[in-house]
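Each remark here refers to the structure printed beneath this line.
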There are 4 protein chains.
Amino acid sequence: MKTIDLNADLGEGFGIWRLGDDDALLDIVTSANLACGFHAGDPLTIRRTCAAAVDRGVRIGAQVSYRDLAGFGRREMEVDPEELSSEVLYQLAAVDGIARAMGGRVSYVKPHGALYNRVCRDAGQAEAVVSAVAAYDRSLPILTLPGSAVHEVAARQGVATVTECFADRAYTPRGTLVPRREPGSVLHDPAEVTARAVTMAVDHTVTASDGSAIPVEARSICVHGDTPGAVGLARRVRDSLTAAGVSLRPFT
Amino acid sequence: MKTIDLNADLGEGFGIWRLGDDDALLDIVTSANLACGFHAGDPLTIRRTCAAAVDRGVRIGAQVSYRDLAGFGRREMEVDPEELSSEVLYQLAAVDGIARAMGGRVSYVKPHGALYNRVCRDAGQAEAVVSAVAAYDRSLPILTLPGSAVHEVAARQGVATVTECFADRAYTPRGTLVPRREPGSVLHDPAEVTARAVTMAVDHTVTASDGSAIPVEARSICVHGDTPGAVGLARRVRDSLTAAGVSLRPFT
Amino acid sequence: MKTIDLNADLGEGFGIWRLGDDDALLDIVTSANLACGFHAGDPLTIRRTCAAAVDRGVRIGAQVSYRDLAGFGRREMEVDPEELSSEVLYQLAAVDGIARAMGGRVSYVKPHGALYNRVCRDAGQAEAVVSAVAAYDRSLPILTLPGSAVHEVAARQGVATVTECFADRAYTPRGTLVPRREPGSVLHDPAEVTARAVTMAVDHTVTASDGSAIPVEARSICVHGDTPGAVGLARRVRDSLTAAGVSLRPFT
Amino acid sequence: MKTIDLNADLGEGFGIWRLGDDDALLDIVTSANLACGFHAGDPLTIRRTCAAAVDRGVRIGAQVSYRDLAGFGRREMEVDPEELSSEVLYQLAAVDGIARAMGGRVSYVKPHGALYNRVCRDAGQAEAVVSAVAAYDRSLPILTLPGSAVHEVAARQGVATVTECFADRAYTPRGTLVPRREPGSVLHDPAEVTARAVTMAVDHTVTASDGSAIPVEARSICVHGDTPGAVGLARRVRDSLTAAGVSLRPFT
């Protein structure tokens, strides 16, 4: 039987401010990428989201980020690797400690925003993230893109990596994401998005921007919850997968 | 043989800024109260100070604080207990995780600054701190003043407390500290300070502001490192204790 | 002809996070209390909101706050008066400079959240706020509650004060607000709220919690925009005032 | 008679933390680059430093920065130009307002750290800074390096630029600074540094790394105050210039 994981970003409020519908997403996903306080996520939000995830059997991932509340972690920063590694370790430990106090634990790490993109192509920054994970708990896998620089770095340190795919993003024939600035990079038609999700999970392929079918090696599909209609679309993706006989299961 | 612990605040820089001479203090104290990032203490500083403390066999405590970098955690804040508890849990988990990655661990918790003073008299805020410690690791003692509200609250939750005393502060006949705003509240004569430290450790008494000898129940003496001459005075305290046959030993 | 001002808090997002419907409120109010960056309000949000306010002829007020993004400025903090005064001056200057670059200017100051409540009863903190306003521009009035400690302090320094009232809050027979923690303190019936607004503007009275009519000396009514239905209610208040022949005009 | 300006960074503490000896530097320099709160500089520090600068007749410049307290503004950040421009405007207005309340005013703008380096080579980020200055007060010059991209951008917007030089840095034959990572990039011999300062001010030349004399077009020499011995060296530079008959005068 085919299985796939669904992951989404959660706990991305800060203080009075909220972002996305965490409660709704927790009924859809199998893995929750939890903000750790550096791009979003105050401690009370982290604690409540951990408790809610544990209640529903949703896995918790630490979504570590550059220290940038004002920019939501989406701005690339030239952070010294030793400092970045310490910051990742701090975030990971904080969220894991809260998760454990709520009866769960962090079971994977996913870099957020600009850091996610950076570690795909920059081995030095990838090394900083991987070394923090290795120092904290070598058994925690890192969730990232196929082809990311983080895979090789992680392999050298004995840290596992898991890849994800996106049902609502266009792919190039080489299997990379079409950059967001290009037209057609993000798909909005729910029927198309759900069909792609099913093909990704069942056939491990996706139709690239040139019409060719390319392989998709991914154990998780990333869905979004912070735009209008996003939660509804995520629910349709889940329902379509279930209808196609795919079992939704955490990758950890 | 008499034993006593010496504790001091460490790791209280942030980014480019430094405060106190951590390296010198680590050769003097047996317990290091480590800033956790909310009043001071960036992750790299925390990691380096943890590593240095582990190297020297100095115990690490989590010095949890209100979220107030601009005020160094010295300003009282009306924080909701549930939020405060989550913030304490976040800080404690972050520093413990870093300490473990460096081969050590957090072995006690000491509230910092305004929070230290607040939990002495406010059972609600004390409850918030204690519940965070209990949720994270019920075996961690809380270091505080004799007579603090935190003792009773902690006892109810099965969390231990340890009391400390100050060789450079005047005491009232009732055993409380003379408030800092009153003249003579802080002692500056090294000979007097060291003599008081020895009497505290050997006889468990101190001379109060009215000349009477009052009992001191404390397993640790707090020394300071962030004012001119402070490190030298701390070293003299240590040397005097050793010369008096007192063994310097962590209370944990 | 009767005139009244309507004021509301605006620009209270930060980075990616939004709060309230600023565009809608700018079509309703005559005075916009603009977040200055300490409890909310990043510089780009401030600039855009200033530009939009100038476009519509809405007056801009600097809503100065304690430095507390995580608590949205709603938590009382023990800030040293000299430091508080400098922080108020910094915020006021920053927003006035941006407003001037957009073709407008700050025309009044309104303390936010915990600082608003504090300066009502604490002459020392009120003095800190007033001295900052006096140092920056003595002609700027401070918007506050009737009976606030800030009035006397401001009068001594030659700074004007302007009082506001609340159509959706219950009043005690003495003319103070019924505290939010008490039942019935906030009125939700739109018909009742709009009727009170009209009575406040036309007759300068309001019905207190014991049924008596008490005088209301206020040149502005505060409306809200950050709760569900709030903008709709604010619009009804405006429409009812206009229908009653009251002219909506800034107090500055 | 030859004249030159001496500038240095001041007010770079934050809260409890201090950096450099501001009082000593204010007796040496003619222009003070004041931290504006984004990389350093709390409002009370800004106010006190403004007051001290006004007392001594030292000009005040706004040292605007990326928002990065943890990295002291030394880390490059990919900030959206519209947002960066708003942040620069906010900082400039805040410090100018405080300076005016203290009887002075901001008379120039100097980007700090990573932003200083970035606007030398990136016309888009330079445009963001220049547009903020132009929006606030088109008469304020921007202090920067010769050859910086900011010159052309500023000229197009009618904003003046002023260039500075460094007596303690090695120069390439093309007149650019030898990068800090290269050996010999920073000069430590006081006799050499002071001699270079005099040659820069009197002859408008400096000896480059290949021994050739190259022209130096600069109206200000930048001195430092945040490293051991830096203040003493700055004072020697000032004394040598005076002894050589050079008059120390602000460039504004």
Side-chain angles (χ1 to χ4, degrees), chain C residues 11 13-16 34-38 41-51 54 60 62 64-67 69 77 79-106 109 128-129 131-138 140, chain D residues 11 13-16 34-38 41-51 54 60 62 64-67 69 79-106 109 128-138 140:
Chain C
F14 187 76
I16 199 174
L34 209 59
C36 300
F38 273 44
D42 58 274
L44 181 54
T45 295
I46 294 172
R47 199 177 75 180
R48 286 178 174 164
T49 314
C50 280
V54 169
I60 297 167
V64 297
S65 170
Y66 289 126
R67 186 195 284 268
L69 280 176
M77 294 176 65
V79 182
D80 171 80
E82 192 184 5
E83 185 168 2
L84 177 60
S85 185
S86 302
E87 290 184 341
V88 168
L89 177 56
Y90 180 95
Q91 295 176 72
L92 169 54
V95 172
D96 187 42
I98 295 178
R100 287 176 188 272
M102 296 298 108
R105 66 178 187 89
V106 164
V109 173
V129 172
S131 67
V133 175
Y136 186 74
D137 180 350
R138 203 173 292 274
L140 295 176
Chain D
F14 187 76
I16 199 175
L34 209 59
C36 301
F38 272 44
D42 59 274
L44 181 54
T45 296
I46 294 171
R47 199 177 75 179
R48 287 178 174 165
T49 314
C50 280
V54 169
I60 297 167
V64 297
S65 170
Y66 289 127
R67 186 196 284 268
L69 281 176
V79 183
D80 171 80
E82 191 184 6
E83 184 167 1
L84 176 60
S85 185
S86 303
E87 290 183 340
V88 169
L89 177 56
Y90 180 95
Q91 294 175 73
L92 169 53
V95 172
D96 187 42
I98 295 179
R100 287 176 188 271
M102 297 298 109
R105 67 181 186 89
V106 164
V109 173
V129 172
V130 170
S131 67
V133 175
Y136 187 73
D137 180 351
R138 204 173 292 272
L140 296 176

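Lettering of chains follows the sequences in order, A, B, ..., and the numbering in each one begins at 1. Just so you know, these numbers come straight off a predicted model, no measurement behind them.
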With rounding to the nearest 0.5 angstrom, report the CZ to CG distance, D/Arg47 to D/Leu34.
13.5 Å
Residue pairs passing the salt bridge (Lys or Arg N to Asp or Glu O under 4.0 Å) test with at least one member in residues 91-104 of chain D, sequence neighbours excluded, are D/Asp96-D/Arg100
Minimum-distance pair of heavy atoms, taken over all atoms of D/Pro43 and C/Phe38:
CG-CZ, 4.2 Å
Keeping the roles fixed (side chain from C/Thr49, backbone from C/Thr45), state whether a donor-acceptor pair exists under 3.5 Å.
yes
Counting heavy-atom pairs under 4.5 Å to chain D, which of C/Ala94, C/Ala101, C/Gly37, C/Cys36 comes out on top?
C/Ala94
Engaged part of D/Leu92 at the chain C interface, taking heavy atoms whose separation is under 4.5 Å:
neither
Using a 4.5 Å heavy-atom cutoff, which residues in residues 128-138 of chain D come close to chain C?
D/Ala135, D/Tyr136
Compare every heavy atom of D/Ala35 with every heavy atom of D/Val95, then report the nearest pair and how far apart it is.
CG2-O, 4.3 Å
Nearest heavy-atom pair of D/Arg105 and D/Leu140: which atoms, and what distance?
NH1-CD2, 4.1 Å
Any side-chain heavy-atom pair from C/Arg67 and C/Met77 closer than 4.5 angstrom?
no
With a 4.5 Å heavy-atom cut-off (strictly below), which parts of residues 83-91 of chain C touch chain D? List them by number.
C/Glu83, C/Ser85, C/Ser86, C/Glu87, C/Leu89, C/Tyr90
Exercise: identify the closest heavy-atom pair between D/Phe14 and D/Asp42:
CA-OD1, 3.6 Å
